[in-house]
Every structure is written in structure tokens, then in C-alpha cells.
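To keep things clear, I will list the structure first and then write my remarks on it.
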2 protein chains.
Amino acid sequence: MKEGPDISQIGALIGDPARANMLTALMGGEALTASELAGAAGVTLPTTSAHLAKLEAGGLIAQRKQGRHRYFALADDEAGRLLESIMGYAANRGHLRTRPGPKDPALRKARVCYNHLAGDYGVRLLDRLVADGDVTLDGDEAAVTPAGEMRMAALGIDMPALKAQRRPVCRTCLDWSERRSHLAGSLGEALLARFIATGWAKREKNSRAVRFTGEGEREFMALFP
Amino acid sequence: MKEGPDISQIGALIGDPARANMLTALMGGEALTASELAGAAGVTLPTTSAHLAKLEAGGLIAQRKQGRHRYFALADDEAGRLLESIMGYAANRGHLRTRPGPKDPALRKARVCYNHLAGDYGVRLLDRLVADGDVTLDGDEAAVTPAGEMRMAALGIDMPALKAQRRPVCRTCLDWSERRSHLAGSLGEALLARFIATGWAKREKNSRAVRFTGEGEREFMALFP
DNA sequence: CGAATGCTTCGTCTATCATCGAAGTATGAA
DNA sequence: TTCATACTTCGATGATAGACGAAGCATTCG
């Protein structure tokens, strides 16, 4: 008697190299066009189109029409978390797409995980918030304390706006390089956006890497030592 | 430029329905023979043999020869956690192998997750330990406090023996039915073994379900309300 | 209203791989 | 040593689905 969820459908979706490349590209958080994804996956446009249709049918990605462009992005945070957790397993087993290159340390230091900050800096951020009593963890759920809300407001985060949304403000996400959790959810997204808006950090072109400026690094380290 | 781990190999391994069925069967925690797995997957022995070779090459399972039998089991806790997290995603998307049947409530209440307790009871257990200050969480890492060690000793768990092993004593594992974490690691394994040894709970035949006896349920609820 | 861009659909081809029956190997029992 | 059990390997087959070129829609720009 069969019981439990069917993992083979999702496995099959992720199991094709072209699709895996597309999903990995989308882990950068940006919505990409079919042409860009074709380039990332190394296949032609018709092939890409077929793959995207399957990924969408499987609920892993969603598309947004905008004029003659169609932008594709991961369907939601949960899809991002799923991919990050599989990446974690793959990385620990040495299933790397290329041998670790010069970019690797930068990725491990700070990178985008769908829409929030990951890597050493991402883990450090959550650690500090928990240690200071700004965020409480309970399993993989997380919550912001009143003290944490004030701290976020001081950083320029509009907490009431985040709480008004239906999506979870605070979640944790398993980091593939650090093997520990970092902060996801709408707050995680807002914080990364804030770091970039204030010029503390910049996104590398065509990469998940996030580069902190000299000043940004000092400020970040002062806030989250 | 490609960067990051390669998730397609793992996806492909899980993506075949026969292999997914075998892995799901192995999530029961017991080591199974090739014949048993053939039955679970619904394929013949030669096919099973080929699949098992691939799963072993991919590092998801390990085999142990014992006389003329070969027992297959999940390679380690990490493989179990990976599968449970994918199951969580699949369950939330309605990717079920069969429509939820009469067994489903029992599975959600208490079941085996590789080698530890999952479901409502598993989540409840960890919640209680954290609330009582017996276990501390830090991301997905977890640790037992001195108070927790005493409590475990009172339950008949040989903590020094667990700590002497190389494998982590305390880990968290995302529960697919509860969407929250439960206790894994060697302590999680030891606790489930203890519940069964004391007759509080029994494993259902050919199922991941764990059935608590009347007395076991009372004791468990008294300890972890 | 063309023309150009961006993507999808169609048809076809090809290669991979899951599958099985039959034969082979290894271990244990008689 | 011989038979039986448990599994693997081999060889052949068939189905799936990933790939592309060409043609077809849709949208925007000149």
C-alpha cells in the first residue's frame, strides 16, 4: 500500500540538467526571460519553452507577462527553500557543477538565496538577531519580538507593511554553504533590499554573489558582529 | 558561468517512480532486502538491482551484506532529512501518491522518519524539550542542555554513549505533515527506540505509522503535554 | 500598417534508460 | 557436493522525453 507524498514528480522536474540550470539561475531571485534562461541552460528556445511549461505545471515557477516579454521566476519562497536544501545536500556530497573556482569564496561569503541574503553573512545576521532577542526560533518557524521590530524600524524596514501582507514575515532557510539557517520570509527579503538600497552591498552581474562595499562591510559588521 | 552545486543528479535519482518508491519505503528506517524493495516499487528483481546500484552510486543508500542477504538502507540521517524535506514540499502541493486514506491521520499523528519520531507527536516532543530548556535550537543545529541530559537519563537514555559517537546527537528535521521541525540525530533515534522498548508505542506492519498504546499515550502526554 | 522581436507550437528525430527474461554468481543448507 | 535461495549481469526491447528547425502567434516599434 502506497502512502505519503509523491516525491518522484518533483525529482523528475529537477532531475533534468537543463531544468536544473534554469532553476539555479532563478535562485538569483530575479525574474528572467525565456531567452536568458535558454542561455543559462545551454539549450535552444523551443527546448527552453517546453521545459518552462513543465516547471510551471509542476508549480516550481510562475510567469508574469509584461508586453512582449514573459518573465519567469520561482513560484514562491517555498520553492526557493526546497532548492536551497537540495543544493545543501548536493554540495556536501561534492556534486558540484564545476570545480570550485575563484568565485566560490565570494558565494560562500554572501549571496542571494532567491530573494534574501545567504552565505556567511546571511547566517551571521540571523545568529545575531536570535542572540540579541530580536528574533525567536521555534522549529523552522520564526517570529520577530517587539525589540526586533524596533531594531528593524531603525534600519529603515517598514514592519507594519510587512505584517499586513499575508506571506510569512519571518522564516528560516537552510544555507547550503554554511549548513545552518539564515533569515528568509518577507523580512529577509526586505533586509537584503535595504542593504542594496543603502549602497552597503551590490549584486554581481550574472551571479548569485553579493559584494559588500568597504563602508557597507564596516556598517554590517558593527551591527551584526 | 556555472556556479553552485549540481542538483540535477539528485533530482534524477529521485525522479524515477520506482526509485522514489524504494526511497519512501526506506524512510521507514528499516534496512530492506532487494526483494522487499522490488515489491515496494512494483518492479522485478533485475530492475530493482539496477536501481539500487544507481542509488548507491549516488550516495543516497548504503548496503550491508549479511550472509546471502543484502540489506539496503538510507545512507545516513542527511539522506533522510533531504527526502523528508522534499516530501514536505510535495505534500503541500498535493502531490500525493494516493488520495489520503484512512491511514493518513495515523501517519500525521505519529510516524517513523528514517529512525526517529515524526508527525504531531514528534513535533510536540521537540517543542516541549525546547520550551522546558532541555534542548536549545540554533538554526538547524540543536544541543542538549545539562538539564536535558538529566531528563534523558531519567527516560533511560544513555547520554554518555550517544555523545561518544561521532554522529550528531541532536538535529532538527522538517516534518512534512506538520511543516515544523521535530527531533532527529542519535538522540531522536534513541528516544524512538526507547518508546518502543518500553511498550509505549509499536510500529505498524508495512507502514511508517507508529501506534501508541493507551498507557503509552498517557505517559507520553504526561511527559510532553 | 508593415517589420521586427520574443516566444510558442508542431513535427520529427534520436538517444537514453527503464524494463524484463534468461543466464550467471555467490552464499547457505542439506 | 549438490541443491536452493538471493541477487547480479547480460542482452534485447520498447517507450519516453529531450533536442532542434521551421513555421506560427502575439506584441511593440517605426
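Protein chains get the first letters and strands the later ones, always in sequence-line order, with residue 1 at the start of each.
Remark: P of D:dT16 and CG of A:Leu13 are 17 Å apart, rounded to the nearest angstrom. Rounded to whole Å, atom C1' of D:dA19 lies 15 Å from atom CG of A:Leu52. Rounded to an integer number of Å, the gap from CD of A:Gln9 to P of D:dA17 is 12 Å. The nearest whole Å value for the distance from the CZ atom in B:Arg64 to the P atom in D:dA6 is 17 Å. In this structure, CE of A:Met22 is placed 12 Å from P of C:dC7, rounded to the nearest angstrom. Atom-to-atom, OH of A:Tyr71 to C1' of C:dT5 comes out at 13 Å; the value is rounded to the nearest Å. What separates CD of A:Glu36 from P of C:dG6 is a distance of 10 Å, to the nearest Å. A:Ile61 has its CD1 atom 13 Å from the P atom of C:dC7, to the nearest Å.
The side-chain heavy atoms of B:Thr33 and B:Tyr71, taken from C-beta on, include a pair separated by under 4.5 Å. Within the 4.5 Å cutoff, side-chain heavy atoms of A:Met87 are placed close to those of A:Thr24. Looking only at side-chain heavy atoms (C-beta outward), A:Leu125 and A:Phe220 come within less than 4.5 Å of each other.
In this structure, a donor-acceptor pair under 3.5 Å is absent between the side chains of A:Ser186 and A:Glu189.
Residue-level contact check: A:Thr33 touches the backbone only, with heavy atoms under 4.0 Å from sugar-phosphate atoms and none from bases.
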* Asked: Which nucleotides of nucleotides 11-23 of chain C have their base under 4.0 Å from a protein heavy atom (B), which only their sugar-phosphate (S), and which neither (-), written as one string 5' to 3'?
  -> ------SSSBBB-
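The residues B:Arg64 and B:Glu56 are annotated as not salt-bridged, no charged nitrogen and carboxylate oxygen being separated by less than 4.0 angstrom.
Across every non-hydrogen atom of A:Leu74 and A:Gly80, the tightest pair is CD1-CA, 3.9 Å.
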